[in-house]
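Input: a single structure, listed below in structure tokens.
Convention: sequence-line order gives letters A, B, ...; per-chain numbering from 1.
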Protein chains: 2
Amino acid sequence: MQIGDLSRNAGVNVETIRYYERAGVLPVPARQGNGRRIYGEADVRRLGFIRHARDLGFDLQSVRTLLALQEQPEASCTDASRIAQAQLDEVERRLAQLQSLRAELSRMVAECRKGVVAECRVIEALNTSPF
Amino acid sequence: MQIGDLSRNAGVNVETIRYYERAGVLPVPARQGNGRRIYGEADVRRLGFIRHARDLGFDLQSVRTLLALQEQPEASCTDASRIAQAQLDEVERRLAQLQSLRAELSRMVAECRKGVVAECRVIEALNTSPF
DNA sequence: GCTACAACCTGTAGTCACTACAGGAGCAAG
DNA sequence: CTTGCTCCTGTAGTGACTACAGGTTGTAGC
């Protein structure tokens with residue numbers, strides 16, 4: 001499998017695959033005689049793992065740790081659990097923040113009478129300290 | 001007022017103030033004889049406006065537009081309203097996404113029995129396609 | 001006047017996770 | 001043999017900052 005096939009199979013951009021190699025989350029692959037990268041099924045699975053973790057908001061450092069853990073099936077999964085819990089905490093923090101943003105934004109939009117800027121609640125709200 | 005005072009009054013990093021000047025969201029200030037920037041109360045208010053908008057998730061391009069609008073009190077505020085509505089849509093999109101992330105993460109964490117990696121639901125969940 | 005030391009200046013580079021491009025090589029089909 | 005696709009490396013760009021290096025200026029204490 002060359003990089004284009006891996007890209008299609010895993011649904012990940014070719015440039016991103018090369019980036020992941022540089023970033024050390026994908027192993028350096030073997031090369032064909034012409035210098036082209038060769039991949040196997042394991043790489044498709046690994047990319048799936050990476051994309052799923054990234055979609056859940058884990059950064060590449062966490063992905064590296066999770067991948068390393070995955071390769072030690074007999075190790076304790078305390079680390080994996082801790083990383084996931086930290087991510088969950090972060091997601092809940094962002095959720096709370098976004099909910100208050102939504103409240104403020106929808107108030108701003110609802111109160112705008114589409115008149116002139118001088119009376120616009122959107123602009124006025126931005127001029128008001130959030131504290 | 002020099003840049004350090006503005007920084008303290010507005011609660012914005014000195015480096016960020018200079019960055020905002022380069023980015024064109026803060027006007028180029030007058031200088032003292034020694035080359036230091038001079039600011040006034042209007043700059044404190046403008047920085048407050050910028051920070052509030054940034055905290056609501058508006059990008060600097062939107063902030064530039066909102067600031068330009070703010071300075072034309074007799075213009076129609078349709079643009080301001082449209083920008084705020086777009087931002088509200090974006091916030092709701094991100095909220096929905098984060099809520100499904102939270103669901104998946106909390107399932108992962110809840111099902112982890114803190115045993116070995118081979119049986120870890122966190123790792124297993126990441127190995128499972130989200131589709 | 002001398003010596004610290006803080007605050008300021010400019011300009012550049014680093015961050016994160018990609019994305020995009022330039023400029024070139026290799027390969028297959030028509 | 002030409003067209004067009006895929007691949008290669010290396011570099012630069014994105015957004016919104018943040019962090020430095022290396023220099024000047026201002027102020028306070030002695």
Side-chain angles (χ1 to χ4, degrees), chain A residues 1-26 28-40 43 46-67 83 86-87 90-91 94 97 101, chain B residues 1-26 28-40 43 46-67 83 86-87 90-91 94 97 101:
Chain A
M1 212 189 325
Q2 347 188 105
I3 200 166
D5 307 304
L6 178 60
S7 169
R8 276 180 294 278
N9 290 344
V12 175
N13 209 320
V14 167
E15 315 267 25
T16 305
I17 293 171
R18 287 195 283 251
Y19 169 73
Y20 282 166
E21 182 184 328
R22 284 200 305 283
V25 292
L26 273 186
V28 175
R31 301 280 184 141
Q32 290 171 343
N34 54 22
R36 297 187 177 191
R37 292 168 175 84
I38 311 170
Y39 296 101
D43 296 297
R46 196 175 172 107
L47 260 180
F49 185 102
I50 295 167
R51 283 314 315 169
H52 195 178
R54 290 285 304 124
D55 288 345
L56 286 167
F58 293 102
D59 62 19
L60 284 184
Q61 182 49 55
S62 299
V63 173
R64 268 187 287 265
T65 309
L66 290 168
L67 281 165
I83 291 171
Q87 186 59 23
E90 174 64 18
V91 164
R94 289 212 303 254
Q97 199 198 352
L101 295 193
Chain B
M1 215 189 322
Q2 27 182 73
I3 199 165
D5 307 304
L6 177 60
S7 170
R8 277 180 294 278
N9 290 345
V12 174
N13 209 321
V14 167
E15 316 266 24
T16 305
I17 294 171
R18 287 195 280 250
Y19 169 72
Y20 282 166
E21 182 184 329
R22 283 200 304 283
V25 291
L26 273 186
V28 175
R31 303 279 184 142
Q32 290 172 344
N34 53 23
R36 298 187 173 190
R37 292 168 176 83
I38 312 169
Y39 295 101
D43 296 297
R46 196 174 174 108
L47 260 180
F49 184 102
I50 296 167
R51 284 314 316 169
H52 194 178
R54 290 286 305 123
D55 288 344
L56 285 166
F58 292 101
D59 62 18
L60 283 184
Q61 183 48 56
S62 298
V63 173
R64 268 188 286 265
T65 308
L66 290 167
L67 281 165
I83 291 170
Q87 185 58 24
E90 175 64 19
V91 164
R94 288 212 303 255
Q97 200 199 349
L101 295 193

Would you mind reading off the distance between [X] atom [atom1] and [N] atom [atom2], rounded to a whole angstrom?
X	N	atom1	atom2	value
A:Leu6	D:dT6	CG	P	15 Å
B:Tyr19	D:dG15	OH	P	8 Å
A:Phe58	C:dC18	CZ	P	14 Å
A:Asp59	C:dA17	CG	C1'	10 Å
A:Glu15	C:dT19	CD	C1'	7 Å
A:Leu60	C:dT15	CG	C1'	13 Å
A:Arg51	C:dC18	CZ	C1'	9 Å
B:Gln2	C:dA6	CD	C1'	11 Å

Is any side-chain N or O of [X] closer than 4.0 Å to OP1 or OP2 of [N]?
X	N	answer
A:Arg37	D:dT9	yes
B:Thr16	D:dA16	no
A:Asn34	D:dC7	no
A:Arg18	D:dC8	yes
B:Tyr20	D:dC17	yes
A:Arg22	D:dT9	no

Q.
What I want to check is whether the side chains of A:Arg51 and A:Tyr20 have a donor and an acceptor closer together than 3.5 Å.
A. yes
Quick note, A:Val14 side chain, CB onward, closest among D:dC7, C:dC9, C:dT19 is D:dC7
Per atom distances to the B:Arg36 side chain, the nearest of C:dG26, C:dC8, D:dA16 is C:dC8
Here the pair of heavy atoms bringing B:Arg18 nearest to B:Ile3 is CG-CD1, 3.5 Å
Taking every heavy atom of B:Ile38 against every heavy atom of B:Pro29, the minimum-distance pair comes out as O-CB, 3.5 Å
d(A:Tyr39 OH, A:Asn9 CG) to nearest 0.5 Å is 12.5 Å
Notebook entry, point to check: Is B:Arg8 salt-bridged to B:Asp5, cutoff N-O under 4.0 Å?
Noted result: yes
